[in-house]
Structures are given as C-alpha cells and as structure tokens.
Enquirer: 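My questions all concern the structure below.
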Amino acid sequence: MRIQLLSSLFLFSFSSYRYRVSSQPEHASFPPRGWNSYDSFDWILSEVDFLQSAEKISQRLQPYGYEYAVIDYLWYRKNVPGAYPNSLGFDVIDEWGRLIPDPDRWPSSEDGKGFTEVAQKVQSVGLKLGIHVMRGLSRQAYDANTPILDTTTGRAYEESGRLWRAKDIGITERACGWMPHGFMSVNTKLGAGRAFLRSLYEQYAEWGVDFVKHDCVFGNDLDVDEITFVSEVLQKLSRPILYSVSPGVIPTPVMEKDISGLVNMYRVTGDDWDTWGDVAAHFDVSRDFAADNKIGAKGLLGRSWPDLDMLPIGWLTDPGSGRGPYRMSNLNLDEQKTQMTLWAMARSPIMFGGDVRRLDETTSNLITNPFILEINSFSTNNMEFPFVTGTKVSAHKTTNHSRRLRRSLKEVGTSHTQFLGFTSCNHPKVNGWSIKALDQDLDQICWKESMRSHEPLCLYKRILTSSDANQMWELSNNGSLISSYSGLCVTVKSIDANVGNSGGVRSWIATGRKGEIYVALFNLNSEKTVISATISDLTKALPGKNLNATSCFGREVWSGKDFGEIKDSISMEVEMHGCALFVLNCP
C-alpha cells in the first residue's frame with residue numbers, strides 16, 4: 001500500500017543542522033554568528049551590495065563575533081523580466097551543469113572564477129563567506145542534459161563503457177516542493193550521481209567558501225542520501241566548511257532523526273519574518289528541543305545548535321518582493337528584545353537579517369548587547385523555567401502585586417511532544433502502525449501506543465500513484481511504515497517538558513560561566529503583566545544549587561536597573577510582548 005502522510009502536527013524533519021567538517025576538524029564549539037542577505041535583499045543581491053555589506057559587518061559587527069557573511073539563494077539567476085524564484089530557464093550554468101554566479105550581478109565571476117574574488121575580499125576584512133545552495137540538480141541542467149564532471153580525471157564521467165549525463169542522474173519525481181521548476185534530487189546510488197555532487201562541493205571549496213546553507217533537503221523534501229553523501233565529501237576536503245541543512249517545505253508532525261554523525265546544528269522552524277506570531281511560535285519549539293537535550297549536544301566534529309532562523313530586524317525587504325531593503329522591521333522594540341533574549345537563552349545561531357549598511361544605533365545596541373552575546377556563547381543548563389506567575393496590569397491594579405501573584409500561581413504540568421523519528425527497519429520498535437478507517441477517502445495510519453495522556457498519534461493518508469513519488473511510504477504487513485526513497489522506517493517517541501499554566505507568561509533559565517544565574521521573563525500577553533519567580537524555585541531547575549534561605553544580588557539587563565539584594569523573589573512589570581532579563585549572583 002502506497003500512502004502520503006498528512007498531519008495537523010508541526011514537522012521539523014532534520015530542521016537545520018550545521019556542522020564543521022574537514023580533514024582537520026574544527027568544532028562548532030559555539031553557535032555561529034553572522035549576517036544573511038535574505039531578509040534585506042530577497043534574491044536580487046548584487047556583488048556591489050554584498051561587498052558593501054561585508055565591509056560594514058567587518059567594521060561594526062565583527063568585533064562582537066559576527067564572522068559569517070552569507071549570500072542567500074538564487075545568486076545564479078538572471079535578474080531579468082520573467083525571472084522569479086520558481087521560474088525556469090534563467091539560471092547560469094557551466095558546461096557540467098553546475099550553477100555559477102550571474103555575471104551581470106557578480107561581474108568578478110566571469111571567466112570561470114565563480115566566487116573566488118568575492119571570497120578573497122570578504123576574508124581580507126576578517127570575515128568568512130557563506131552561500132546558499134539547493135538540493136541536487138537544476139531543472140535547467142537536466143533539460144540541457146549536460147555531461148557530468150569526474151573531478152578525479154578532469155573529464156566527463158564515464159562508467160560501463162559510456163558517458164553519463166544529467167538525465168541519467170536526475171530524479172524528476174523528487175522535485176523541490178517549493179521550487180519544482182528549479183531543482184530535483186540526484187540518484188546517489190549511481191556513481192555518476194555521486195560524481196556530480198562531489199564536483200559541486202569541491203568547486204565551492206575551490207572558490208574559498210567557508211559556509212554552505214543546503215536547502216530543500218528535508219520536510220516534504222527529505223533527502224537523507226544527499227545529506228549523507230555531501231557530509232562525506234565535505235569531510236574529505238582540505239578546506240573546513242560549516243554545513244547548514246535547511247528545510248524546504250515544512251509540512252505538518254515533528255520528524256527527527258539523530259543525524260549527529262552528519263550534522264551538528266539544526267533549524268527548527270520554517271521561513272520566519274517580522275511578525276509577533278512568528279516570534280511567539282518559537283517558544284514551544286525551543287522548549288521541546290531543550291527538553292530533549294539538543295542544545296549544545298555532542299556530535300561528529302562539533303556540537304549541535306537549534307537554529308531559530310534569521311533575525312528580521314532593522315531595514316528589511318518583504319518575502320518574494322524581488323526588491324532590496326525599503327522598510328523598517330514591523331516588530332516593535334519590546335518584541336525585538338524578546339526575540340534577541342529567547343535566541344540567546346536557547347543558544348540559537350545569531351544571523352542578523354537587516355541591511356547592515358543602514359544599521360541604526362538602536363538595532364546595533366540590541367544585536368551587540370554584551371549580556372545577550374555572553375549568554376548565547378557561554379551559558380549552560382539552558383531550559384524553559386515554568387515556575388513563574390503573571391498578573392495582568394489593569395487600571396484598577398492594587399499596590400500589593402506579590403499577594404495577587406501568589407493567588408494566581410497554578411500547578412506546573414508536563415508537556416508531552418511527540419516526534420516521528422526515522423530509524424532502521426530492523427529496529428524492534430518500528431512495527432506499530434495500522435490503518436484506522438474513517439470513511440472511504442479519509443483513512444488514517446495510527447501508531448499503536450498512546451503517549452501517556454495523548455491519544456494515539458494518527459496521520460492522514462491517501463492512495464498515491466507511482467508517478468507521485470515525492471513523498472511515498474509503504475505500510476508493510478508487519479506494521480512498519482517505510483520511506484520508499486530512503487528505505488528507513490518511522491517510529492514515535494515522546495519528549496517531556498515542564499510547562500507552567502499561568503497564561504501568556506513564559507520564562508527561561510541558564511547558568512553563566514562564573515556561576516551567575518540568568519532568568520528571562522517573557523510576556524506573551526497583549527497587555528502589561530507583572531511577572532514573578534521566587535528565588536527558592538530556581539533550585540528546581542538547577543540541581544546542585546541550594547538557594548533556600550539565600551539572598552541574591554541582581555540587575556535587569558534591558559532597563560539597566562540594579563535591584564541590589566533580592567531575598568525572596570524577582571518581580572517586574574513587563575510591557576506587552578516584552579521581556580525582562582535578570583542576572584543574579586547568589587553567594
């Protein structure tokens with residue numbers, strides 16, 4: 001039986017894992033920090049604009065650890081009438097079907113130089129060059145049926161007595177979900193397919209690229225084989241490259257696989273922009289990944305970091321606008337502080353998205369705040385802290401906040417987030433799927449076991465023809481659900497996280513390298529709220545620290561207020577969508 005999975009849960013499948021790989025390993029010891037062109041230039045970035053931006057990053061942000069300057073997608077597409085993200089026939093490719101920069105936008109790329117000169121200029125000012133790449137093979141190369149370069153011989157790839165071309169390796173039914181006219185997977189089971197991918201990444205290394213953002217390889221576009229082979233290629237290069245795997249179309253349950261042997265950092269959301277809804281959506285996501293010990297987890301040649309996406313603050317464009325920066329972020333200052341604080345407490349990579357050439361003082365102070373950067377790089381024990389209370393501030397508020405807060409305190413419960421995981425079909429816990437008939441057109445595939453208070457996890461299915469193989473699954477007679485593309489089976493696990501029940505109030509806690517305690521209080525309500533936490537409750541999240549009958553000395557970062565000695569609790573009136581960030585020293 002062939003089925004396609006549809007669900008009302010949120011899917012992360014791989015999310016975006018990043019890692020350093022080389023013959024001389026460099027570990028991704030800290031979350032990377034830099035600038036990405038997408039939020040300010042969409043896809044129309046030019047060499048002039050990029051080098052101007054790199055110069056400003058070097059001058060204003062590099063002293064604060066911002067080291068990557070990343071060229072986002074479609075640097076190979078001609079910016080002419082009719083060209084847009086899903087258009088066909090406007091890309092620049094070489095004789096081997098490999099994408100090369102559009103020479104009209106990137107004039108230094110002429111004569112086969114690619115990004116070599118751009119990389120040299122970026123690196124000469126102390127930065128590292130990153131580029132965005134798509135999955136597999138371009139449709140344009142496929143239609144042209146270009147030959148494949150064998151980098152071991154410098155000639156066209158030959159095997160079994162014949163030359164191999166793009167149409168031999170392209171899998172048309174595995175087109176990128178959000179750019180179907182643009183890209184498709186290649187068959188990595190073929191020597192020619194592996195040769196093509198090898199030629200791409202060896203070329204990036206020859207150009208001097210330091211960072212690759214690999215897109216459209218999971219979610220509905222999951223391609224375990226390509227991720228695996230690319231990681232193998234990168235590990236054999238003499239040049240270290242930071243490898244970022246980003247989502248294509250993220251459909252809906254959480255799908256995850258422990259791929260720490262392949263990548264060490266992962267993006268946990270889709271394409272986020274400057275709306276409060278996008279910011280607020282990250283609280284549950286980051287909580288669950290912290291509860292599953294994903295923050296800073298050990299992996300091959302580095303550590304893993306959940307990437308909450310770029311920071312759309314400062315001077316921006318609009319998604320899909322095809323124009324450069326022309327407006328300020330729609331997030332107000334309180335919302336921007338909330339975003340920066342959550343990114344820091346969750347130890348997400350910090351990739352600024354605004355036009356750095358027009359970096360105003362307020363935005364600059366926000367993204368270079370020393371406490372934020374210290375927490376992001378060096379804090380430990382990062383997790384959501386559920387033992388907080390909140391009271392909305394009204395026109396008739398009383399003066400005794402503490403009594404009202406105590407009365408609003410509710411029991412802390414537990415969130416059980418279910419994850420779909422890929423594993424070997426020989427694993428004993430994969431045989432748990434069965435069909436639950438609803439009606440003729442709306443059957444479900446359900447996991448046999450309920451997860452504590454959860455009903456059994458069920459996924460909608462529909463019968464597919466063999467031509468619709470972009471997301472094909474087979475339900476076997478023994479109850480295993482098999483990906484027809486990767487050959488892996490799907491299983492289910494649950495992650496537990498403590499959750500407070502005090503409405504639109506959230507909190508995170510972490511410890512610093514000098515023993516200080518960081519407590520962030522977030523107001524997700526649409527009005528001012530007094531948020532409070534007791535000193536003694538901090539012990540519940542910090543095993544080994546006994547804070548009972550202990551006084552702490554603290555200050556709040558964003559207001560700069562020194563609270564002096566704090567005996568019982570921390571409490572602060574927080575603006576709607578705003579936050580407070582306490583730094584506590586508790587002898």
Enquirer: Tell me, which pairs form a side-chain hydrogen bond (donor to acceptor under 3.5 Å, both in side chains) where one or both residues lie in residues 322-335, sequence neighbours left out?
Expert: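 Every pair satisfying side-chain hydrogen bond (donor to acceptor under 3.5 Å, both in side chains) with a residue in residues 322-335: Asp274-Arg327, Asp274-Asn330, Asp318-Tyr326, Asp318-Arg327, Glu335-His577.
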
Enquirer: What do you reckon, is CD of Glu361 surrounded by more than 12 foreign heavy atoms closer than 6.0 Å?
Expert: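 Counting other residues, nucleotides and ligands, CD of Glu361 stays at 12 neighbours or fewer.
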
Enquirer: Under 3.5 Å, sequence neighbours excluded: what are the donor-acceptor pairs made by side chains of residues 552-561?
Expert:
| from | atom 1 | to | atom 2 | distance (Å) |
| --- | --- | --- | --- | --- |
| Glu556 | OE1 | Trp558 | N | 3.1 |
| Glu556 | OE1 | Ser559 | N | 2.6 |
| Glu556 | OE1 | Ser559 | OG | 2.7 |
| Glu556 | OE2 | Trp558 | N | 3.1 |
| Glu556 | OE2 | Leu581 | N | 2.8 |
| Trp558 | NE1 | Thr341 | OG1 | 3.0 |
| Ser559 | OG | Lys561 | N | 3.2 |

Enquirer: If only side-chain N and O atoms count, and only distance matters, is there a donor-acceptor pair under 3.5 Å linking Asn365 with Thr362?
Expert: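 Side chains of Thr362 and Asn365: no pair found under 3.5 Å.
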
Enquirer: Between Ser40 and Arg358, do the side chains contain a donor N or O and an acceptor N or O under 3.5 Å apart?
Expert: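 No.
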
Enquirer: Could you check whether any side-chain heavy atom of Leu342 comes within less than 4.5 Å of a side-chain heavy atom of Phe522, counting everything from C-beta outward?
Expert: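 SC-SC contact between Leu342 and Phe522 confirmed.
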
Enquirer: Ring centroid separation for Phe387 and Phe385, is it under 6.0 angstrom?
Expert: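 Here the rings of Phe385 and Phe387 have centres that are less than 6.0 Å from each other.
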
Enquirer: Rounded at 0.5 Å granularity, tell me how far OH in Tyr64 sits from OG in Ser364.
Expert: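 It comes to 6.5 Å.
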
Enquirer: May I ask you to say whether Arg135 pairs ionically with Asp223, meaning some side-chain N is under 4.0 Å from a carboxylate O?
Expert: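 Looking at Asp223 together with Arg135, the answer is yes, because their closest N to O distance falls below 4.0 Å.
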
Enquirer: Is any side-chain N of the basic residue among Arg357 and Asp49 closer than 4.0 Å to the acidic one's carboxylate O?
Expert: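 Salt bridge flag = yes for Asp49 with Arg357.
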
Enquirer: Quick one: do the Tyr518 and Glu516 side chains pair a donor with an acceptor below 3.5 Å?
Expert: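 Judged by distance alone, the side chains do pair up.
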
Enquirer: Can you see whether Asn381 engages Thr511 through a side-chain donor-acceptor pair at a distance of less than 3.5 angstrom?
Expert: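 A pair is found: one side chain offers a donor N or O, the other an acceptor, under 3.5 Å apart.
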
Enquirer: When the aromatic ring centroids of Phe378 and Phe30 are compared, is their separation below 6.0 Å?
Expert: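 Yes, the ring centres sit under 6.0 Å apart.
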
Enquirer: Hey, are Asn523 and Thr529 close enough side-chain-wise for a donor-acceptor pair under 3.5 Å?
Expert: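 Yes - a donor-acceptor pair under 3.5 Å links their side chains.
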
Enquirer: Going by side-chain hydrogen bond (donor to acceptor under 3.5 Å, both in side chains), name the pairs with one or both residues in residues 578-587, residues two or more places apart or in two chains.
Expert: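 Sorted result for residues 578-587: empty, none.
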
Enquirer: Charged N to carboxylate O under 4.0 angstrom, Glu384 versus Arg506?
Expert: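 Salt bridge between Glu384 and Arg506, a charged N being under 4.0 Å from a carboxylate O: yes.
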
Enquirer: Centre-to-centre under 6.0 Å for Tyr73 and Tyr38, is that the case here?
Expert: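 They qualify: ring centres under 6.0 Å apart.
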
Enquirer: Determine, step by step, whether Leu331 and Val279 satisfy the side chain to side chain contact (heavy atoms under 4.5 Å, CB included) criterion, reporting the C-alpha distance in whole Å, the side-chain angles of both residues, the deciding distance to 0.1 Å, and the verdict.
Expert: CA-CA 9 Å; Leu331 298 173; Val279 175; 4.0 Å; yes

Enquirer: For residues His282 and Asp272, is any side-chain donor paired with an opposing acceptor at under 3.5 Å?
Expert: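 On atom types as modelled, these side chains qualify, holding a pair under 3.5 Å.
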
